[in-house]
Amino acid sequence: MSKVDGKVDGKVDIEISEVGPRDGLQSIATVMPTEDKKRWIAALASAGLQEIEVGSFVPPKLLPQLADTAEIVRYAIGIGGLRVAVLVPNLRGASDALAAGAHKLTIPLSVSETHSLKNLRKTHTQVLEEVRGIRALLDALPPDQRPQLEGSLSTCFGCTLEGPVSEDAVVRLGGQLLDAGCDEIGLSDTTGYGNPVQVRRVLRKVWNALGRDSLNGIHLHNTRGQGLANVLAAVEEGVTTVDASMGGIGGCPFAPGASGNIVTEDLVFLLEAMGYRTGVDFERLLSARAVLAAALPGEPLYGFLPEAGLPRGFELAGERAAEPV
Ligand SMILES: CC(C)(COP(=O)([O-])OP(=O)([O-])OC[C@H]1O[C@@H](n2cnc3c(N)ncnc32)[C@H](O)[C@@H]1OP(=O)([O-])[O-])[C@@H](O)C(=O)NCCC(=O)NCCSC(=O)C[C@@](C)(O)CC(=O)[O-]
């Protein structure tokens, strides 16, 4: 098999969307210098990650760590083959993201309205109004210049502020996000409450109600150690995009108790070991981790694979004859 830039024939079975430069950095007090961010993003892309969430268009007073997002987007869109994603909390953020040239916008809608008020200072109705405004903005562009718009349903599996979250509400709000103009929705376990049985059940409910194309991606946190078990459940159900963060850094600063994302390095190993192609090259991924470690001295980076290393003789999934399970 030919292997170019960490991708085996350019094909992947499961796409890993790297959210470290956004979700990871938003929860760390240190502001990473812009040039370090660029080096890190370039290293992540060179490892074969095809989608990277590089920042958020939020008021710099709120998250100074991401104040350079416009410059970072302008840099990242110059990296060939990379889909440059950003988080936008409202129409103003979407307009700034368009001006910078982002390829994908994600707006969070928290199923827990208490969390929505903490995070975006908006009710469900107000967030949906922002989505309609963003849709109108995008529809004014020629079709080939329209970024993809994803509605990310936060606190889908429970919330530290409200406790259990209604699965019917997840489905209802997902439908409302699509009606308001999102191209697709994603499920997010903001505070790491989910378990594999629940992940399977919620995915089936969403797909049954809203159609198979409504949702392809999931965003999981490892707060209670369920992250990779939840990935396995999601992937076996048919999810094809999984968010992860290098070194497991991250967490929503406006959700009490939220902590790190699932670790990209461990996720790549899990998927490749099972026979799914991710397109990611381990050596280059570990080089990207070294760039991150140097840029954030003293910050803990998590992950088992970087500590233990690859098993002897391990091959990328695409280099083996084995079919994905
Ligand atoms: C939505 C707001 C802006 C409302 O905040 P607000 O204070 O209600 O905003 P406002 O509309 O009243 O405006 C206040 C000021 O901010 C400005 N402003 C207004 N919007 C913007 C913007 N986009 N960019 C830059 N500036 C902006 C606006 O122009 C004004 O400026 P002033 O007149 O005072 O000079 C705020 O609450 C916000 O940005 N929240 C985002 C918080 C956030 O980033 N949370 C973390 C991401 S979500 C997450 O982590 C979960 C997720 C996605 O990872 C998935 C999961 O795990 O669940």
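Counting convention: from 1, in listed order, for ligands and their atoms alike. These numbers were taken from a predicted model, which means no experiment stands behind them. All residue numbers refer to positions in the sequence shown, counting from 1. All heavy atoms count here, side chains included; hydrogens, waters and symmetry mates do not.
With a 4.0 Å cut-off on non-hydrogen atoms, K61 does not touch ligand 1 at all. With a 4.0 Å heavy-atom cut-off, ligand 1 is reached by no atom of Q126. By the criterion of a heavy-atom distance under 4.0 Å, neither the backbone nor the side chain of V88 is placed next to ligand 1. Both the backbone and the side chain of V58 come within contact range of ligand 1, each with a heavy atom under 4.0 Å.
Listed by chain and number, the residues in a salt bridge (Lys or Arg N to Asp or Glu O under 4.0 Å) with R200 are E236, E237 (sequence neighbours excluded).
Applying the 4.0 Å criterion to heavy atoms of H219 picks out, from ligand 1, the atoms 54 (O), 55 (C), 56 (C), 57 (O). Taking a cut-off of under 4.0 Å to the non-hydrogen atoms of T190, the atoms of ligand 1 that pass are 56 (C), 57 (O), 58 (O). The G93 neighbourhood of ligand 1 comprises atoms 23 (N), with distances under 4.0 Å to a heavy atom of that residue. Interface atoms of ligand 1 facing D23, defined by a heavy-atom separation under 4.0 Å, are 54 (O). In the vicinity of S154, heavy-atom distances shorter than 4.0 Å reach the ligand 1 atoms 55 (C), 58 (O). Shown in contact with L63 at under 4.0 Å from a heavy atom are these atoms of ligand 1, numbered in order with element: 44 (O). When each atom of ligand 1 is checked for a heavy atom of S188 under 4.0 Å away, the hits are 55 (C), 56 (C), 58 (O). Those atoms of ligand 1 with a heavy atom of H221 less than 4.0 angstrom away are 57 (O).
No salt bridge links E272 with R277; every basic N to acidic carboxylate O contact stays at or beyond 4.0 Å. Ion pair D96/R92 flagged as a salt bridge, since at least one NZ, NE, NH1 or NH2 atom sits closer than 4.0 Å to an Asp/Glu carboxylate oxygen. Remark: R204 does not engage E167 in a salt bridge, criterion side-chain N to carboxylate O under 4.0 Å. Salt-bridge formation is detected for the pair K38/E71: a Lys NZ or Arg NE/NH1/NH2 atom is positioned less than 4.0 Å from an Asp or Glu carboxylate oxygen.
For atom 12 (O) of ligand 1, the nearest protein heavy atom lies 4.0 Å away or farther. Per-atom contact check: atom 15 (C) of ligand 1 does not touch the protein, criterion being a heavy-atom distance below 4.0 Å. Per-atom contact check: atom 20 (N) of ligand 1 touches the protein, criterion being a heavy-atom distance below 4.0 Å. Counting only heavy atoms, the protein gets under 4.0 Å from atom 25 (C) of ligand 1. For atom 35 (O) of ligand 1, the nearest protein heavy atom lies 4.0 Å away or farther. Remark: atom 31 (O) of ligand 1 lies closer than 4.0 Å to no protein heavy atom. When distances from atom 9 (O) of ligand 1 to the protein are checked, no heavy atom turns up under 4.0 Å. Distance screen at 4.0 Å: atom 45 (N) of ligand 1 has a protein heavy-atom neighbour inside the cut-off.
Across T278, L228, L270, I14, a single residue satisfies side chain to side chain contact (heavy atoms under 4.5 Å, CB included) together with V242, and that is I14.
Considering backbone and side-chain N/O atoms, R22 comes within less than 3.5 Å of an N/O atom of ligand 1. When only interatomic distances are considered, the shortest N/O to N/O separation between F57 and ligand 1 falls below 3.5 Å.
With hydrogens left out, the protein atom closest to atom 3 (C) of ligand 1 is N90 ND2, 3.6 Å, a heavy atom. Nearest to atom 5 (O) of ligand 1 among the protein's heavy atoms is R121 NH1, 3.7 Å. Given atom 39 (O) of ligand 1, the protein heavy atom at minimum distance is P59 CD, 3.2 Å. Closest to atom 38 (C) of ligand 1 among all protein heavy atoms lies L62 CD2, 3.3 Å. In terms of protein heavy-atom proximity, atom 29 (O) of ligand 1 is closest to R92 NH1, 3.3 Å. Protein heavy atom closest to atom 48 (S) of ligand 1, with residue, atom name and distance, is N119 ND2, 3.3 Å. Of all protein heavy atoms, the one lying nearest to atom 50 (O) of ligand 1 is Q26 NE2, 2.9 Å.
Following chains of ILVMFWY side-chain contacts shorter than 4.5 Å, one cannot reach L117 starting from L153, and the two form parts of different hydrophobic clusters.
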For this session: Please report the C-alpha distance between R135 and D139 in whole Å, then the side-chain angles of each, then the deciding distance to 0.1 Å, and finally whether the salt bridge (charged side-chain N to carboxylate O under 4.0 Å, His left out) criterion is met.
Result: CA-CA 6 Å; R135 184 74 261 162; D139 284 347; 3.2 Å; yes
For this session: Before giving the answer on side-chain hydrogen bond (donor to acceptor under 3.5 Å, both in side chains), spell out for H219 and S188 the whole-Å C-alpha distance, their side-chain angles and the decisive distance to 0.1 Å.
Result: CA-CA 5 Å; H219 175 105; S188 293; 4.7 Å; no
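With rounding to the nearest 0.5 Å, the separation of CE in M32 from CZ in R39 is 10.0 Å. Between the CG atom of L109 and the CG atom of L120 there is a distance of 8.0 Å, given to the nearest 0.5 Å.
Counted by atom type alone, T106 and S152 present zero donor-acceptor pairs between their side chains at under 3.5 Å. Under 3.5 Å, the side chains of S259 and T223 contain a donor-acceptor pair of N or O atoms.
Ring geometry for F269 against F314 counts as tilted: the plane angle lies between 30° and 60°, on a 0 to 90° scale.
Residues P253 and L63 come closest through the heavy atom pair CG-CD2, 4.0 Å. Nearest heavy-atom pair across D23 and G251 is OD1-N, 2.9 Å.
Clustering of Ile, Leu, Val, Met, Phe, Trp and Tyr side chains at separations under 4.5 Å places V263 together with Y302.
The heavy atom nearest to atom 1 (C) of ligand 1, considering only L120, L220, I107, is found in L120.
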